[in-house]
Amino acid sequence: MTALSGGRRGASPSGTGLGRRSLRVRLVLFVSVTLVAVCAVMALSTVLVQRVYLLGDLDQRVTDAAERSQGGLQRRTGGASDLGFLNERGQPAGTLAARFADGEIIAAEVVTEDGRQRVLTAAQRAALQGITADGSLHTRDLPGLGTYRVTALGGYGVPVLAGLPMADVQQVIDRLVVVEAAIAAVGLATAACASTVVIRRQLRPLGRVAATAAEVARVPLDRGEVAVLARVAARDTDPGTEAGQVGVVLNQLIDHVESSLAERRRTEERMRRFLADASHELRTPLASIAGYAEYMNGGNRTIAPELAWRRVSAQSARMTTLVEDLLLLARLDEGRPLRRTEVNLATLVAEAVWDARAAGGEHDWQLALRLDGPVTVVADPSRLHQVVANLLANARVHTPAGTKVTVVVESLETSRCAIRVRDDGPGIPPGLLPSIFERFTRADCSRSRTPGEEGGTGLGLAIAAALTEAHGGRIEVESEPGRTEFSVTLPTAGRSAAPSSPQL
């Protein structure tokens, strides 16, 4: 967690542009830009559609004006330059009319605001040149009059040109643009404020989750006792929301960190306890060896040299046993394969019981075989014998004299077999049962010891469990006052793994 926090602080300043802005700012900007684009497209579409509609209406009115001018010529008797039809009722201000011959305008007038006609200037007439009498519509800019939409129609003598100003259309379009711009500005401002409030409110849970993560990141996990770490509140762990999903995952991560730290503390405590025990176990024989060597070097004859050498050899053997046990566990941890061959389980257990009976004659040893036939397992004979011997030694050492120890070998269903070591001793304390197969666990303080026996290192049952698992089996224990039973379940030869090369 500390490394992650440091990485985040180191990476933040290097960002550029939007990378330095918070998620809230980026979301508001994204929503605002999107709304601006949408409003611009809608406004532009509206203006274009409205302009097309207004131009279509204007073109129709221009065409109608030209047709009316042709109809007026049929009823009037004026000459080729007569534009008297502009005096007819219904002609709006700004209406333009012209008559031309051989491509040259011979008369052109426009209706003024007061309803009268005014003759076009030469520049205005020049702007109308080039229009043919085919009924097509044209846009022309007339000096002093503005932009006009004009058309020309032939027939009945001299062709007639009619036109209407586009000022009204442009005025409507300009007003529409202003209105839409105002509405868009108000709408965008309102939407930006609303999105800012909504996004800030929706991102508050994520901010609280980040605050919890920062609080956990500040805890010194590498030293000292770690108290209960902070958790994301229940209101911020709704799996139906993205922030809630982050909160749930963060709580799971914190749970995992706490459990890992607790397991590390337990492992360290067991390791410290083991080191103390192992140091004591090694210090005692080393002190004995040093003492006997001092006697022999100093010429002290209170102890015979033969006895001193025997004691030195015994203490050396004791240290060798401890070191070999540790080496065996290390090799099993590395996953080194065992030497495997077919072993008659009944014969192996019987031999182990006879050895235990010779070592502990003060106990009542019983062997029971409940087999449907010969039981063969694929195993390392010496290591499997060590498993049984460790269980028998555990029963012998931790129970008083006269205890009945029953060893049962039986066949099980699904091609498995079991070895059960049962005694009627005082039992294992309930608090010790969960960790009975863990390394460095000692039961000296809770179970009876046979007088004269030396203390163990707490590795016997751990070795038995590790060897059983290496053979593909399972070891379990049940205990209560007056009855303790260790069960080792192994696959028979038909289900065991294929033999492997000897390593241990």
Side-chain angles (χ1 to χ4, degrees), residues 8 11-65 92-96 113 127 136-151 163-211 235-236 238-247:
R8 183 184 64 237
S12 178
S14 62
T16 58
L18 289 179
R20 293 198 301 267
R21 297 191 179 101
S22 66
L23 178 61
R24 181 184 302 112
V25 173
R26 283 183 284 172
L27 286 176
V28 171
L29 286 177
F30 175 77
V31 172
S32 300
V33 171
T34 303
L35 288 176
V36 168
V38 171
C39 290
V41 171
M42 293 179 62
L44 183 60
S45 300
T46 302
V47 170
L48 291 177
V49 171
Q50 186 68 20
R51 186 174 186 278
V52 170
Y53 171 79
L54 293 176
L55 284 179
D57 179 71
L58 179 62
D59 290 345
Q60 185 62 46
R61 289 190 289 121
V62 170
T63 302
D64 293 342
T95 302
L96 179 148
E113 293 293 337
S136 59
L137 294 161
H138 304 271
T139 301
R140 295 297 174 90
D141 290 327
L142 303 182
L145 295 179
T147 304
Y148 266 72
R149 192 73 169 164
V150 297
T151 186
L164 291 173
M166 296 181 63
D168 292 341
V169 173
Q170 192 60 44
Q171 187 178 11
V172 172
I173 296 298
D174 293 342
R175 290 178 179 176
L176 179 62
V177 170
V178 172
V179 171
E180 287 190 343
I183 295 175
V186 174
L188 288 174
T190 304
C193 294
S195 61
T196 301
V197 174
V198 172
I199 291 173
R200 180 183 291 112
R201 181 171 300 176
Q202 294 299 319
L203 290 181
R204 279 177 189 166
L206 192 58
R208 292 192 291 266
V209 171
R235 62 175 178 171
D236 298 329
D238 181 7
T241 64
E242 288 76 7
Q245 294 172 6
V246 175

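Everything numeric in this text was worked out from a predicted model, so none of it was measured.
- Note that CG of L176 and CZ of R51 are 12.5 Å apart. Values are rounded to the nearest 0.5 Å.
- Put simply, the side chain of T139 never gets that close to the backbone of R149: no donor and acceptor are under 3.5 Å apart.
- To the nearest 0.5 angstrom, T196 atom OG1 is 12.5 Å from R201 atom CZ.
- Taking both residues in full, the closest heavy atoms of G163 and V150 are given as CA-CG1, 3.7 Å, listed atom of the first, atom of the second, then distance.
- Looking at Q170 and T147, their side chains never come closer than 4.5 Å, going by heavy atoms from C-beta outward.
- For the side chain to side chain contact (heavy atoms under 4.5 Å, CB included) test, residues two or more places apart in sequence or in another chain that qualify with P205 are R208, D236, A243.
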Next item on the list: Give the intermediate values and the outcome of side-chain contact (heavy atoms from CB on, under 4.5 Å) for residues L137 and T63.
Entry: CA-CA 8 Å; L137 294 161; T63 302; 4.2 Å; yes

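- Between the CG atom in L203 and the CG atom in L27 there is a gap of 6.0 Å [rounded to 0.5 Å].
- Residues A93 and E113 approach most closely at CB-OE1, 3.9 Å, considering heavy atoms.
- Of all non-hydrogen atoms in T151 and S136, the two that sit nearest each other are OG1-O, 2.9 Å.
- Taking CZ of F30 as the start and CG of L35 as the end, the distance is 9.5 Å to the nearest 0.5 Å.
- Summarising the geometry, atom CD belonging to Q50 is positioned 13.0 Å from atom OG belonging to S45; distances are rounded to the nearest 0.5 Å.
- Annotation: side chain of L142 is in contact with side chain of L96 (closest heavy-atom distance under 4.5 Å).
- A distance of 4.5 Å separates CE of M166 from CG of L55, quoted to the nearest 0.5 Å.
- Residues D168 and Q171 meet the side-chain proximity criterion, which asks for heavy atoms closer than 4.5 Å.
- Within the 4.5 Å cutoff, side-chain heavy atoms of L164 are placed close to those of T95.
- Applying the side chain to side chain donor-acceptor pair (under 3.5 Å) test to D64 and every residue at least two apart in sequence or in another chain returns Q60.
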